[in-house]
Amino acid sequence: MVVNQTGNVVVSVNTAPTASGNSNSPVCVGQAINLTSSGGSSYSWTGPNGFTSTNKNPSISSATASNADTYTVTVSNGSCSSQATVNVVVNSLPDPELLHQ
């Protein structure tokens, strides 16, 4: 809040962002997981195995089964924020021996 020279109070109101999150899931073991988000001016991701990122669209280069789970992105505009969740599925590779039976 700011008081200008005429004695009027000037109030700035930040609009609450609408968080959006997505991924390229499902992926197979060894492929990249690409997380995407929109809706704000800053981003904070959390996920399994202590995953964190402040990138708008982070990637995990070589997925393992332990990367499968729910990721949460907090989208902020100034002091206002909202969250979105993204479920990531990591499929195991087929067993080549089973394919030839």
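Positions are given from 1, in the same order as the sequence printed here. When reading the values below, keep in mind they use all heavy atoms of this one structure, side chains included, and skip hydrogens, waters and symmetry mates.
In the model, Asn34 has a side-chain atom that pairs as donor or acceptor with a side-chain atom of Ser59 under 3.5 Å.
In this structure, Asn91 CG and Gln31 CD are separated by 9.0 Å, a value rounded to the nearest 0.5 Å. Of the inter-residue distances, the one linking Phe51 atom CZ with Leu35 atom CG reads 5.5 Å to the nearest 0.5 angstrom.
Taking 4.5 Å as the limit, every side-chain heavy atom of Ser38 sits out of range of all side-chain heavy atoms of Thr36. In this structure the side chain of Val73 never reaches within 4.5 angstrom of the side chain of Val86, judged on heavy atoms.
The two residues Lys56 and Trp45 have their closest heavy-atom pair at O-NE1, 3.4 Å. Shortest non-hydrogen contact noted between Asn87 and Ser23 is O-OG, 4.3 Å.
A donor-acceptor distance shorter than 3.5 angstrom exists from the side chain of Asn49 to the backbone of Ser66, with no hydrogens or angles considered. Panel note: side chain Asn24, backbone Ala32; a donor-acceptor pair is recorded below 3.5 Å. A donor-acceptor pair is defined here as one N or O able to donate and one able to accept, closer than 3.5 Å; such a pair exists between the side chain of Ser25 and the backbone of Val89. Side chain of Ser82 to main chain of Ala19: a donor-acceptor pair is present (N/O by atom type, distance under 3.5 Å, no hydrogens or angles). Without hydrogens or angle criteria, Asn77 side chain to Ser41 main chain gives a donor-acceptor distance under 3.5 Å.
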